[in-house]
2 protein chains.
Amino acid sequence: MYSSELIKGTLKTIILKLLSDNDKMYGYEITHKVKELTGGKIQLTEGALYPTLHALEAQGILSTDVVNVGNRIRKYYSVTPSGKKVATEKVNEFSEFLDTMIFLLDLQPKVG
Amino acid sequence: MYSSELIKGTLKTIILKLLSDNDKMYGYEITHKVKELTGGKIQLTEGALYPTLHALEAQGILSTDVVNVGNRIRKYYSVTPSGKKVATEKVNEFSEFLDTMIFLLDLQPKVG
DNA sequence: AATAATACATAATTTTCTTAGGTATATAAA
DNA sequence: TTTATATACCTAAGAAAATTATGTATTATT
């Protein structure tokens, strides 16, 4: 688990990347997917996640589809057509930022 | 210039890396060095820098040496012996975080 | 029956940064 | 010579983003 300081500012980028790749996901699913993919090193908190999802929806970047699963609701989020562009830009900007930080901190990243 | 959101949480790491490599630097020098090294993509603001330097000093991670240059003062910061360990840990943690983000966002970093 | 997991949400507080200002000296340009 | 720019420190009010702590409710497991 990384110090929360490090993860600051990455939430929107992570959400938009996952939703770009997965067509539709719901909040609870996002937190678990991120935890799984990072081996528990990044754990999104609901207090940060839900307000961010709501904000992205209000900005027209995400759209929602509320589904009933038994007696429980599940709110699926998808990237809107106009949101796709924003998502790509966010990820690209983060990628450039990483390159800058790798240079600045003189790091040797593992290449996948 | 990256969106400020992206840079959030990286200030301490940047400061500690620069001071680890450069023995001693003063605040104004740090902002200019970072701007120079990143081609203007990262510009530290004084309102963020100085309080952080003061906090790191209060924590015993940095020590200061005030020098008179003409009639002006210049406050040099250095990493203390015990601070060296903190600095290394910070940079290492950031390095691991980068690897995690590269995997999570499916990025291909430039290798230096 | 009690606990954990699923699934949503908000509100108070804290952390961190931005914006905007303040002080003062030295240098370059108009 | 006055004005602007650069050097060099600093703080305080406010905004932004996250944490922590709750709250509601259903479903599955022990």
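For the numbers below, each heavy atom of this structure counts, side chains included, while hydrogens, waters and symmetry mates do not. Only a predicted model underlies this, so the values are computations on that prediction, with no experimental measurement involved.
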Open item on the list: Looking at B:Arg72 and D:dT7, is any side-chain donor or acceptor paired with a base atom of the opposite kind under 3.5 Å?
Closed with: yes

Open item on the list: For A:Ile73 and A:Ala48, find the nucleotide of DNA chain C closest to each by heavy atoms; which residue's nucleotide sits nearer the 5' end?
Closed with: A:Ile73

- [ ] Check the distance between D:dC9's P and B:Leu53's CG and give it to me in whole angstrom.
- [x] 9 Å

Task: Residue mapping more 5' on DNA chain D - nearest nucleotide basis, B:His54 or A:Lys8 - done: B:His54

Task: Length of the NZ-C1' vector between A:Lys75 and D:dT24, whole Å - done: 15 Å

Open item on the list: From OH of B:Tyr50 over to P of D:dA12, roughly how many Å is that when rounded to an integer?
Closed with: 16 Å

Open item on the list: Under 4.0 Å between a side-chain nitrogen and a carboxylate oxygen: does that hold for A:Glu29 and A:Lys24?
Closed with: no

Open item on the list: Just to be sure I understand the rule, does A:Leu11 reach a base, reach only the sugar-phosphate, or reach nothing, if contact means heavy atoms closer than 4.0 Å?
Closed with: sugar-phosphate

Open item on the list: So, does B:Tyr26 get its side chain near the phosphate of D:dA8, meaning an N or O under 4.0 Å from OP1 or OP2?
Closed with: yes

Task: Length of the line joining B:Ile42:CD1 and C:dC17:C1', which is rounded to integer Å - done: 15 Å

Task: ILVMFWY cluster, A:Tyr77 and A:Val69 together (side-chain gap under 4.5 Å) - done: yes

- [ ] Return the nearest nucleotide to the side chain of A:Tyr28; candidates are C:dC8, D:dT19, C:dA9.
- [x] C:dC8

Open item on the list: Just the rounded figure in Å: distance from P of C:dT18 to CG of B:Leu49.
Closed with: 11 Å

TODO: Could you state the atom-to-atom distance from NE2 of A:His32 to P of C:dA5 in whole Å?
DONE: 9 Å

Task: Residues A:Thr100 and B:Tyr2: side-chain donor-acceptor under 3.5 angstrom - done: yes

TODO: Report yes or no: do A:Phe103 and B:Phe94 belong to one cluster of Ile/Leu/Val/Met/Phe/Trp/Tyr joined by side chain heavy-atom distances under 4.5 Å?
DONE: yes

TODO: For A:Arg74, report the nucleic acid contact type (base, sugar-phosphate, nothing); a contact means any heavy atom under 4.0 Å.
DONE: sugar-phosphate

Task: Distance in angstrom units between A:Gln43 CD and C:dA5 C1', rounded - done: 15 Å

TODO: Could you tell me whether a side-chain N or O of B:Thr88 sits under 3.5 Å from a main-chain N or O of B:Lys84, the two making a donor and an acceptor?
DONE: yes

Task: Proximity to the side chain of B:Thr45 - top-ranked nucleotide from C:dA26, C:dC8, C:dT19 - done: C:dT19

Task: Closest-nucleotide ordering on DNA chain D, the 5'-leading residue of A:Gly47 and A:Val69 - done: A:Gly47

Open item on the list: What is the distance, to the nearest angstrom, from the CG atom on A:Leu6 to the C1' atom on D:dT19?
Closed with: 16 Å

Open item on the list: Taking any heavy-atom pair under 4.0 Å as a contact, classify A:Glu46: base, sugar-phosphate, or nothing.
Closed with: base

